[in-house]
Structure formats: C-alpha cells, structure tokens
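To keep things clear, I will list the structure first and then write my remarks on it.
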Amino acid sequence: MQALTIGPRATSSDGELVGVIVTEEVRHHGRRLFQKGHRIEADDLAALAELERPFHAVRLMHGDVHEDEAARRLAAVAMGPGLTARGPVQSRVNLVAARKGLLRVDPAAVLAINTLADTALFTLPDRLSVLPGKVVAGAKITPVAIQDRLLAQAEAYARARPRPIVEVAPFQPLVVGVVTTEGLTGRTRERFQATVRRKIGWFGGSVLRFEELPNDASAVARAIEGLITDGAQLVLTGGGNTIDPLDASLQALPMIGASVVRFGAPVHPGSMFWLAYAETAGRPETPIFNLSSCSMYSKATVADLVLPWVMAGDRVTRADIAGI
C-alpha cells in the first residue's frame, strides 16, 4: 500500500485518485462525506474539490486485497455447513446460523488464523445451542488491505483442516428412554415428565416411554436393555443416590456392559453427574446419563450442557466433561 495525504481542494483531471481508499472518516460542513474504507469513485471527485482540509488515504498496489474482499475470502474458508455469510458491513462478514443446532468451533484453527498478520476471526464459544439467524462468527482484517500472499496462507491453512472451522451441526431426532427410581407421584411426576418431554422435544427428539421402578439394580438393568431393544438411542436415569456406591442405576451399568466415561463433573448444580455408554450387538453405542434431583424439577444443571452435545450426535469424552 502507498500512503497518501489528499487535499485540501484536491482535483484530478486524469482520474488518478479514482480507486484510492480513504483511511479516516471525512466530513464536510458537519456531514459525513466518506467513511473509513470508502473507495473513491469518479462521482466523488467533485466533492473532493470542495474539501477544506486534507485527509489520509492509501493506494492499493499489486498484490493488495481490499478489506471487503479479504473478509469475504476469510469467511468463506472458515464457513462450514449450517451457516450463511452476511456482509460485509464495515468491512466485516458475519457467519449466521442457518438452522437450529450445535455450534462447533475449531479453537486451534481460530487461534492459528488470528496469529497470522492482519487477520481476525472471532466466534462464539464451541458447543453452544443456536437458533437460525444467530450471528456466531465474524471475519475481517485489521488494515484497509492485506497482501494476497498472507490471505492465501490463511486460506490454505483452513482448507487443510480435517473439519470446518465453524459449523452448525443439526440436532438429531433421537428416541429417548427414561428410567426413574425415586417413586414420583401426582403433580411431581407430571411435572417431571412434562419437563423431560419439553427438553427432548426442543431438539426434535421424542420420549419412547418412562419406566418407573423400585431401587433395584436388576430391574433397572432389564429396563435399560428393554428400552434400547425397543429403539431408545439415549437413556436418562432419574432418582436414586449417586454418592451411594450401591445406587441401583450405577449398579445396573456393569450388568448391561456399559462403560462409565466419567463420574462427577466440575459444575454446580449437578456435580454428581455421570455418563456411560452401553454397547449392544448390532447397535451403535447408546449414551446413558443421570438427571440429578434438581434437574428432575426443571432446574438447569450440567445435564442441560451435555444433552445438546448428545442430541447433535457427538461422542462425549471424559475430557469433554472435565473441560466444562
């Protein structure tokens, strides 16, 4: 880029100022004439001749890419499925959710791109539930232009990643089975079931059935196996006492060959959360996790953080839970 000071009362008989990029807001008689980043056109030359003070600008050289085009290119290589691009507005292109789903962000890739000179990619945190129309990320460059070789470096890096840098994964209409051992009755029972149906329904899933059982491990194991056999793709358990090693739900897990991913989560409320996966011949792994007592009565807990991950088809790991 070539830095310029233009004016006052600049004139251009041969049009050498056409294409110059304004680098500051230019006002005339109290009104804004040009905003930062404006590219001077032939129609602007008459106004330039009336300006009473100089202003700063740059002339792009061979290999320079204007900030609007750079933002479009950076957004294009960052954008994955479930997103649309909007802009540029003030030389920023936003990525907008095109569907309800789970926002997935590759933090390492965002960091790597932002480490490059002059590039800026910013996003909401990974693994948030988002609705259509939500702005989840933005792309721009810091100066009014960037060298094409630097932008190409960011593009090459993004294209080499094994997954999109930003995407919205759709929620899956999972069939969910629920096992409780707390002996809920009356309005409490109705409230719990309505809450579970509402939460699962928000993701597009459905409840297969509720199994209400005594605090007996064998009964819980049979119920879970029955739910999976009948099509449950996720099993939730409620009631019991998760700090009791003889809790029926925990005792049932080894009976059905389930592997515990993690017991306990660094979250309040819901620190006694646990997650397991059951392997059934001929079927994908089925996630099983508990709803703490507080979540049974509508209060948000760690289960509400993990549920969107599962409903989006993620395989939740020990590290995932530890990182909450």
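Just so we're clear, the structure is a prediction, and the values are computed from it rather than from any experiment. All values below come from the heavy atoms of this structure, side chains included, with hydrogens, waters and symmetry mates left out.
- In the hydrophobic clustering of ILVMFWY residues, with side-chain heavy atoms under 4.5 Å counting as a link, L124 and F171 come out apart.
- Between the W202 side chain and the R198 main chain, no donor and acceptor come within less than 3.5 Å of each other.
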Original post:
Could you walk me through whether E285 and Q233 pass the side-chain hydrogen bond (donor to acceptor under 3.5 Å, both in side chains) check?
Top reply: CA-CA 8 Å; E285 287 186 316; Q233 298 161 290; over 6 Å; no
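- Residues S91 and D68 have side chains that bring a donor and an acceptor to within less than 3.5 angstrom of each other.
- The distance from atom OG1 of T188 to atom CD of Q193, rounded to the nearest 0.5 Å, is 11.5 Å.
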**OP:** Tell me, with the steps shown, if E25 and R27 meet salt bridge (Lys or Arg N to Asp or Glu O under 4.0 Å).
**Re:** CA-CA 7 Å; E25 183 177 85; R27 305 187 71 84; 3.1 Å; yes
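- Residues F210 and V196 have side chains in contact (heavy-atom distance under 4.5 Å, counting atoms from C-beta outward).
- You'll find the side chain of R127 stays beyond 4.5 Å of the side chain of L103, heavy atoms only.
- At distances below 3.5 Å, not a single donor-acceptor pair connects side-chain atoms of D106 with backbone N or O atoms of I165.
- Between H62 atom NE2 and Q147 atom CD the span is 11.0 Å, to the nearest 0.5 Å.
- Heavy atoms from other residues, nucleotides or ligands lying under 6.0 Å from NZ of K134 number 12 at most.
- Note on V105: it does not cluster hydrophobically with M311, by side-chain heavy-atom contacts below 4.5 Å among ILVMFWY residues.
- A salt bridge is defined here as a Lys NZ or Arg NE, NH1 or NH2 lying under 4.0 Å from an Asp or Glu carboxylate O, and E190 with R187 fails to meet this definition.
- In this structure, R197 contributes its side chain and K199 its backbone to no donor-acceptor pair below 3.5 Å.
- Remark: side-chain polar atoms of N114 are not paired, donor with acceptor, to backbone N or O of L111 under 3.5 angstrom.
- Smallest separation of non-hydrogen atoms from L213 and A219: CD1-O, 3.7 Å.
- Pairing each heavy atom of A278 with each of I288, the nearest pair is CB-CD1, 3.9 Å.
- To the nearest 0.5 Å, the span separating CG on N215 from OG1 on T180 amounts to 11.0 Å.
- When atom types are taken as modelled, the side chain of S129 and the backbone of L102 share no donor-acceptor pair closer than 3.5 angstrom.
- Contact annotation: the side chain of F273 approaches that of I321 to within less than 4.5 Å [non-hydrogen atoms, C-beta and beyond].
- Looking only at distances, a side-chain donor or acceptor of N290 sits under 3.5 Å from a matching main-chain atom of W274.
- Under 3.5 Å, the side chains of E67 and Q90 contain no donor-acceptor pair of N or O atoms.
- Note on W309 and L174: same hydrophobic cluster, where clusters join Ile, Leu, Val, Met, Phe, Trp and Tyr whose side-chain heavy atoms are under 4.5 Å apart, directly or indirectly.
- Using a 4.5 Å cut-off on side-chain heavy atoms (C-beta onward), V58 and V20 make no contact.
- More than 12 heavy atoms of other shown residues, nucleotides or ligands fall within 6.0 angstrom of atom CZ in R59.
- In plain terms, the two heavy atoms of V175 and G231 that are nearest each other are CB-O, 3.5 Å.
- Atom-to-atom distance recorded for L74:CG and I146:CD1 is 8.0 Å, nearest 0.5 angstrom.
- The pair R209-D230 meets the salt-bridge criterion, with a side-chain N (NZ, NE, NH1 or NH2) lying under 4.0 Å from an Asp/Glu carboxylate O.
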Subject >> side chain to side chain contact (heavy atoms under 4.5 Å, CB included) between F192 and L291, intermediate numbers included >> reply: CA-CA 11 Å; F192 166 68; L291 300 172; 4.0 Å; yes
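- A donor-acceptor pair under 3.5 Å links the side-chain atoms of D304 to the main chain of T301, judged by distance alone.
- Residue E69 holds its CD atom at 13.0 Å from CG of D64, rounded to the nearest 0.5 Å.
- Side-chain atoms of V168 and R104, non-hydrogen and from C-beta on, never get closer than 4.5 Å to each other.
- For the pair Q251 and A217, the tightest heavy-atom approach, listed with the atom from each and the gap, is CB-CB, 3.5 Å.
- H38 has its side chain out of reach of I21: every pair of non-hydrogen atoms, C-beta onward, lies at least 4.5 Å apart.
- Shown here for S206 and I200, the closest heavy-atom pair between the two residues is N-CG2, 3.5 Å.
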Subject >> Working for side chain to side chain contact (heavy atoms under 4.5 Å, CB included), residues V65 and L150 >> reply: CA-CA 10 Å; V65 180; L150 295 177; over 6 Å; no
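- Residues Y277 and V316 form a side-chain contact, since some pair of their non-hydrogen atoms from C-beta on lies under 4.5 Å apart.
- Taking CZ of R99 as the start and CG of L131 as the end, the distance is 13.5 Å to the nearest 0.5 Å.
- When all heavy atoms of A109 and Y157 are compared, the pair lying nearest together is CA-OH, 3.5 Å.
- Side-chain contact between V110 and P107: absent, with no pair of heavy atoms (C-beta onward) separated by less than 4.5 Å.
- A continuous path of Ile, Leu, Val, Met, Phe, Trp and Tyr side chains, each step under 4.5 Å between heavy atoms, connects L208 with I224, placing both in one hydrophobic cluster.
- Residues I324 and V310 are members of one and the same hydrophobic cluster, defined by side-chain heavy-atom contacts under 4.5 angstrom among Ile, Leu, Val, Met, Phe, Trp and Tyr.
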Subject >> Trace of the side chain to side chain contact (heavy atoms under 4.5 Å, CB included) decision for V136 with L83 >> reply: CA-CA 9 Å; V136 301; L83 295 168; 3.5 Å; yes
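- D216 contributes a side-chain N or O that, together with a main-chain N or O of S218, makes up a donor-acceptor pair within less than 3.5 Å.
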Original post:
How far apart are the C-alpha atoms of V178 and E211, what are their side-chain angles, what is the distance that settles it, and do they pass the side chain to side chain contact (heavy atoms under 4.5 Å, CB included) test?
Top reply: CA-CA 6 Å; V178 186; E211 293 275 6; over 6 Å; no
